[in-house]
Every structure is written in C-alpha cells, then in structure tokens.
Amino acid sequence: MALLITDDCINCDVCEPECPNQAISMGPEIYRIDPNRCTECVGHFDEPQCVQVCPVSCIPVDPAQVESRETLWQKYRRLQAQAAQPAPR
C-alpha cells in the first residue's frame, strides 16, 4: 500500500527529506506522495519515516493503492536497480 497525504497537511516540510525513495514532493497546495515510488519504507526502515515525523498525523495508508509487503519489496528492488544504473550520456 502506498501512503497518502491528506488535506490536513500543514506543509511543515518535515516529511519530504525523510523519504528514502524521493516519493514525496510539493503539490499545488500540499505535499503529495507518488504511489509509484512509495514503498512505505520497506527495504529501508521498519516503519514509514514520513508517518513517524508528521506532527499532525495526516499520512494514512491510501486505500486506492493496496499492495502486499512482497509487492512493496519488489518495488523497492526496482527503484534500487534504477538508481544503480549509470546516467545516459
């Protein structure tokens, strides 16, 4: 499951730097999470770091992005493989 930042977000800027997958970015009004990059920190940490640091608890699981732990692990491995590839010249 990917996570979701709700409208309760206060744009405090603490979640973005905590994301090991660079899945969090500023949207038009509040931060957003790219479900294609969010692994809920599987492969990096035991708990989602954005959830841990959020002062207003506005980052629940996105019910529209249900994924198993195995699927999240595969996504983590794909993202790591992409990051390890040399940049095109």
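Worth knowing before you read on, the calculation uses all heavy atoms, side chains too, and leaves out hydrogens, waters and symmetry mates. In this chain, numbering begins with 1 at the start of the sequence shown.
Atom CZ of Arg78 has more than 12 neighbouring heavy atoms from other residues, nucleotides or ligands inside a 6.0 Å radius. Other residues, nucleotides and ligands contribute over 12 non-hydrogen atoms within 6.0 Å of the CD atom of Gln82.
Taking all atoms of both residues into account, the shortest heavy-atom contact from Cys58 to Cys9 is SG-CA, 3.6 Å.
Just one residue in the list Ile24, Asp62, Leu4 forms a side chain to side chain contact (heavy atoms under 4.5 Å, CB included) with Ile33, and that residue is Ile24. Partner of Leu3 under the side chain to side chain contact (heavy atoms under 4.5 Å, CB included) criterion, chosen from Cys54, Cys50, Pro35: Cys50.
The closest donor-acceptor contact from the side chain of Arg32 to the backbone of Gly27 lies at 3.5 Å or more, if one exists at all. Remark: the backbone N or O of Pro63 is not paired with any side-chain donor or acceptor of Gln65 at under 3.5 angstrom. Not a single donor-acceptor pair under 3.5 Å links the side chain of Lys75 to the backbone N or O of Val42.
At a threshold of 4.5 Å between non-hydrogen side-chain atoms, the residues Gln74 and Glu67 do not count as touching. Using a 4.5 Å heavy-atom threshold, the side chains of Pro55 and Ile10 count as touching. Between Ser25 and Asp34, the closest side-chain pair of non-hydrogen atoms is not below 4.5 Å.
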Name every donor-acceptor pair, under 3.5 Å, that has one atom in a side chain of residues 12-19 and the other anywhere in the protein, sequence neighbours excluded.
unit_1, atom_1, unit_2, atom_2, d
Asp13, OD1, Tyr31, OH, 2.4

